[in-house]
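To start, the structure under review is shown below, and the notes come after it.
Scope of the values below: all heavy atoms of this structure, side chains included, with no hydrogens, waters or symmetry mates. Order of the sequence lines fixes the chain letters, A, B, ..., with proteins taken first and strands second; residue numbering starts at 1 for each chain.
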Amino acid sequence: MALPKQSEDFPAWYQAVVKGAELAEPSLVRGTMVIRPYGFAIWERIQQAVDRRIKETGHENLYFPLLIPSKLLEKEAEHVEGFAPEVAVVTQAGGEKLEEPIVIRPTSETIIWATYAKWIQSYRDLPLLYNQWANVVRWELRPRLFLRTTEFLWQEGHTAHETAEEAMAEARTILERVYRETVEDDMALPVRLGRKSASQRFPGAVETLAMEALMRDGRALQAGTSHYLGQNFAKAYDVKFLGRDGKEDYAWASSWGVSTRLVGGLIMAHGDDAGLRLPPALAPIQVVIVPIYRTDEEKAAVTESLTPAVAALKAAGVRVRTDDREEHRPGYKFNEWELKGVPIRLEIGPKDLAKGEIVLYRRDLRQKSPVPLEGLAEYIPGVLAGIQDELFAQALAFREGRTFRPSSYEELKALVKDPGGFIEALWCGRPSCEERVKADTKATIRALPLDPAPVQGLCIVCGEPATELAVWAQAY
RNA sequence: CGGGACGUAGCGCAGCUUGGCAGCGCGCCUGCUUUGGGAGCAGGAGGCCGGGAGUUCAAAUCUCCCCGUCCCGACCA
């Protein structure tokens, strides 16, 4: 029952939390998972937060099919090369071998751009600002619950534009407005935004932008990506339009996505040795009430005092639940709700009732304090807001404390190993130096500046003049 | 796919070396007593010992093959 300690075995801790908090469990096909109601409720809230911002920034949802002719995938050379190894292919259906194999989408650029070709003729048809919520399948070699499952849920936005500038600006807007705001404001998780190096780029993209979050074991998690695709897909799928100048041109593209992986990030960034710590904005249950009593009279009194309090909390928009299970004693419930990460627990028994108080436990600080029962519904929302801020502040402080500027390559190598974190260092831009760091430390470049600025100094690896400040880390 | 660990009740494990009634803890069911940090007692249910083949009077245990899970790599949202 006791959780492994984060400091002793982080992967074991992670699995125990996912299972113990009833978020998800592995299913029968390797790498697939069942997302349980509590885990799905968290995902639904993330989903709603992302979806709201996607719509606020002018996009519409639509839906493309799961199945794609395999020939379509082959049209964009880099794209097929990047995804071929992990694509699942249907070769038989309806009791017969298919004349042409069908792939299960690993991402939908191909089917979408093949369709956009029919929808776009004129600059007047642009831009297309569409998004879909979907499942995709990638045959990953080493699955981990939420972080890398064979099938996962995500949103994928696919936009088509008249100009390169507009497509690039779109990729930036999604990253900075939609993604960063969701992850920082709702998930209480600070992220570093940046460009990916060529080796980390999405297959078929001209530029890949991403947000990176730091987990409590010092490793980085790519929390979302936003790609500027140039005209690569338009050319592969022949998406041409007649411009204002009367000339024909290929459309410019962006694509972007966040997935159920965010749930994994939430667990690993905020969780502690007692389990999950959920930010109030996403917690399916924000306040759990544990009534305490010995006799029937006490039970009646406690219940009576709670009825108006619960009603008032609900009226104040608080997601509250009373744990009135008879089969468990309070201590058991305390541990269970802490494991499940509920931000606030209220304990009320005869002693509190006599004083007109209730005991409030903050999951983020693991501290108890008495508060007046009177005016509870006015008080709680402020505490929830405080917990949201506190979780962000803790995550930010952790990241700051784990961000390093080594002055030598030796120091860089030592820091990646112990304690791990974001390592900022100058880089010459050569893939060979990036390769060497990876070979020596397993760390990769997680982010390059969104807006490249000239730098003074030498590459930390080779000592040649540097071109950029890179952020390195071991990644999930 | 390479290296390592492991598959025995829902979960966690012992038993295997040296073949001989399949066990322990938690959980589950029933009853009573309990309830402010993972309750106590009593009774009870639950097994293709991952699968197959072999050795043997006899296999959870020995041999061979297969399947699966987890960890570390390469790949990745």
Rounded distance in Å - OH (A:Tyr332) to P (B:C28): 7 Å
A:Ala210 backbone acceptor or donor facing A:Thr225 side chain under 3.5 Å: no
A:Asp51 side chain to A:Ile54 backbone, donor-acceptor under 3.5 Å: no
Sugar-phosphate only, base, or nothing, as touched by A:Asp352 at under 4.0 Å among non-hydrogen atoms: base
Sugar-phosphate only, base, or nothing, as touched by A:Val136 at under 4.0 Å among non-hydrogen atoms: nothing
A:Arg329 side chain near B:G36 phosphate (N/O to OP1/OP2, under 4.0 Å): yes
A:Gln200 CD - B:A77 P separation (whole Å): 8 Å
Touch class at under 4.0 angstrom, heavy-atom based, for A:Glu336 against every strand present: base
Polar pair under 3.5 Å, donor/acceptor by atom type, side chain A:Lys368, base B:G37: yes
Most 5' of A:Ala475 and A:Pro350 on RNA chain B, judged by nearest nucleotide: A:Pro350
Donor-acceptor under 3.5 Å (A:Gln286 side chain, A:Arg319 main chain): yes
Sugar-phosphate, base or nothing in reach of A:Tyr361, heavy atoms under 4.0 Å: base
Donor-acceptor pair under 3.5 Å, A:Arg148 side chain vs B:C76 base: yes
Check: B:G37 base within 3.5 Å donor-acceptor of A:Arg345 side chain: yes
Whichever of A:Lys19 and A:Glu151 has its nearest RNA chain B nucleotide further upstream toward 5': A:Lys19
Centroid under 5.5 Å and tilt under 30°, A:Trp154 to B:A77: no
Distance between C1' atoms of B:U61 and B:C21 (Å, rounded): 15 Å
Sugar-phosphate only, base, or nothing, as touched by A:Ser255 at under 4.0 Å among non-hydrogen atoms: nothing
A:Leu141, nearest nucleotide to its side chain (from B:U35, B:A77, B:A74): B:A74
Side-chain N or O of A:Arg30 closer than 4.0 Å to phosphate OP1/OP2 of B:U69: yes
Donor-acceptor contact below 3.5 Å, side chain A:Glu156 vs main chain A:Ser108: yes
Touch class at under 4.0 angstrom, heavy-atom based, for A:Gly257 against every strand present: nothing
Integer-rounded Å distance: B:G73 C1' and A:Gln474 CD: 11 Å
Sugar-phosphate only, base, or nothing, as touched by A:Gln222 at under 4.0 Å among non-hydrogen atoms: sugar-phosphate
A:Lys333 side-chain N/O to B:G37 phosphate OP1/OP2 under 4.0 Å: no
Check: B:G37 base within 3.5 Å donor-acceptor of A:Glu338 side chain: yes
For atom CZ of A:Arg325 and atom P of B:U35, their distance in whole Å: 18 Å
